[in-house]
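A short worksheet on the structure shown next.
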Protein chains: 2
Amino acid sequence: MFDPMVNLGPRLKTIRLASEKSLREVARRLDVSPSFLSQIENGKSQPSVATLYALARLLGVPVDTLFAPTFDASTATTPVDDEIVNRSLIENPTDAWDDAGARISLINPQNRSVLTMDTGVRWERLAATHESDINFMEIIYEPGAGSNANGELIQHDGYEYGYALDGEIEVTIGDSVLNLSKNQSIGFDSSIPHRFRNTGAVTFRGLWFVHGCHPAE
Amino acid sequence: MFDPMVNLGPRLKTIRLASEKSLREVARRLDVSPSFLSQIENGKSQPSVATLYALARLLGVPVDTLFAPTFDASTATTPVDDEIVNRSLIENPTDAWDDAGARISLINPQNRSVLTMDTGVRWERLAATHESDINFMEIIYEPGAGSNANGELIQHDGYEYGYALDGEIEVTIGDSVLNLSKNQSIGFDSSIPHRFRNTGAVTFRGLWFVHGCHPAE
DNA sequence: CCTACTGTTAACTAGTAGCGAACACTTTGC
DNA sequence: GCAAAGTGTTCGCTACTAGTTAACAGTAGG
């Protein structure tokens, strides 16, 4: 858990300096003494709620931004490594990409990190956040492609969710065989053995969300 | 000059009551005495900045909403074709639909459960599984629509992930203002105050995935 | 009756919000 | 040169208040 108060002062100072106002001027308009404002900015004293509000107002920033945890806005879109992977080596889809992400990750289609399987399947990563048990990706199944080479069912902890962007795919979950076609969506418990297969003639594209942690029940 | 402090207490009380938490429970989790929380809510005492922040966090509202001038009770803009929901009553998006789901959920576009907000936003549920801290949905922002009526930032525990199906949307996260356009994807820490706004001329459609991880304190 | 919950008030205190005065240092200008 | 006026910072103090405990009144259930 992070403490919102430790960065408060420095952040206020940064904002004030960015707007090129002097400490004394701000203090005067805020109707507090310059010395006290200095103490606030250096973390040696805490303002009251009213003072903080007035200060935020004066600096033209919403109060919440003063508390927002620090993050670097560099949305480092991860480099593309295009090698072919054996699907069976990936135990849980959430482990597909193990590199650390950012607090905010915005990714352009052409900059996605791509995993190409030996089964005619591609995974393109859609977000790289700090959450390690999450995988958000676009999956592409060429005609005839299947989630596993010899048609075995796979299972892993967690849930997964999908949305069909284009084409159609046969989904086997437990005893059920379903067809997911364009604009349909699905969610299921991944601990049930499952398999996907593109039995059609066109490429299937879908958004997939795999969530590895089991509910706290 | 309007005093932000006079409405602070009553507003906190309103929000707490809306979320159906008892004063004592909130006080306990906030680690202050119930009596003091009562004094705060009745305007007989002012919290410190740290306490106010923790309280806002606990109630799931950004601090700024507590200061917003004139509690806008005239939000009775009620064109009633369906059920229209006030966004601010939904603490965490994962609570939007509270009915239990199934282990396997396949949903056709025309059978989706729909939530229409008073802010020009629609949520269409894409999967109803047993996972309670997950919400998988299609979101639709009409031109001009925003995630919150008066442009306030919202924050809640967890992460969210999005993919732009159509149109473009302005995403504000902390200090960053990003544009998410077709086929781009995003993921971020929802505890950073954020907001979406369709500033364009066409309707925005996107897939959204909200994951409200509940840390084990 | 009792117990367990709801929120509220009174009396108190330890801590701090905020002050004024003095500090050290730059920049302006006569 | 040396004021004069600007910048931000530290010290020591006090008036006040954030937050406490204890008792309060009310309600629902058994």
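We name chains A, B, ... by the order of the sequence lines, and we start the count at 1 in each one. Quick caveat, the model's predicted, so the values are computed rather than measured.
For A/Lys44, the side-chain atoms get nearest to D/dT10 when compared with the rest of C/dT9, D/dT10, C/dA17. Closest contact between the side chain of B/Leu23 and the listed nucleotides C/dT8, D/dT20, D/dG8 involves C/dT8.
The distance from atom CG of A/Leu37 to atom P of C/dC19 is 10 Å, rounded to the nearest whole Å. In this structure, A/Glu41 places its CD atom 12 Å from C1' of D/dT7, rounding to the nearest Å. In this structure, B/Phe36 places its CZ atom 15 Å from C1' of C/dA10, rounding to the nearest Å. The interatomic distance linking B/Asp31 (CG) with D/dT21 (P) rounds to 10 Å, in whole Å. Remark: C1' of C/dG18 and CD of B/Gln46 are 16 Å apart, rounded to the nearest angstrom. In this entry the distance linking CZ of A/Arg28 with P of D/dG6 reads 11 Å, nearest Å. Going from atom CD of A/Glu25 over to atom C1' of D/dA5 covers 15 Å, rounded to whole Å. In this entry the distance linking CD1 of A/Ile40 with C1' of D/dT9 reads 14 Å, nearest Å.
Within 4.0 Å of A/Ser38, counting heavy atoms only, lies at least one base atom of the nucleic acid. Residue contacts shown for B/Gln39 include a base, since a base heavy atom lies under 4.0 Å away. B/Ser33 comes within contact range of at least one nucleobase, with a heavy-atom separation under 4.0 Å. Base contact: A/Ser35 has a heavy atom under 4.0 Å from a base atom.
An OP1 or OP2 oxygen of C/dG18 is reached within less than 4.0 angstrom by a side-chain nitrogen or oxygen of A/Thr51. Residue A/Arg24 places no side-chain N or O under 4.0 Å from the OP1 or OP2 atom of D/dA5. Contact annotation: B/Lys13 side-chain N/O to C/dT6 OP1/OP2 distance is not under 4.0 Å. Look at A/Ser45 and you won't find any side-chain N or O under 4.0 angstrom from OP1 or OP2 of C/dG18. Contact check, B/Ser48 against C/dT16: no side-chain N or O comes under 4.0 Å of OP1 or OP2. For D/dG8, the OP1/OP2 oxygens have no side-chain nitrogen or oxygen of A/Asn42 closer than 4.0 Å.
Among the candidates B/Leu52, B/Val32, B/Leu37, the single residue satisfying the side-chain contact (heavy atoms from CB on, under 4.5 Å) test with B/Pro47 is B/Leu52. Under the ring pair (Phe, Tyr, Trp, His ring centres under 6.0 Å) test applied with B/Tyr161, the options A/Phe209, A/Trp208, A/Tyr163 reduce to a single match, A/Phe209.
Not one N or O on the side chain of B/Asn42 forms a donor-acceptor pair closer than 3.5 Å with the backbone of B/Lys44. Judged purely by atom type and a 3.5 angstrom limit, A/Glu41 has no side-chain atom pairing as donor or acceptor with the backbone of A/Ser38.
Side-chain contact annotation: B/Asn198 with B/Glu170, donor-acceptor N/O pair under 3.5 Å absent.
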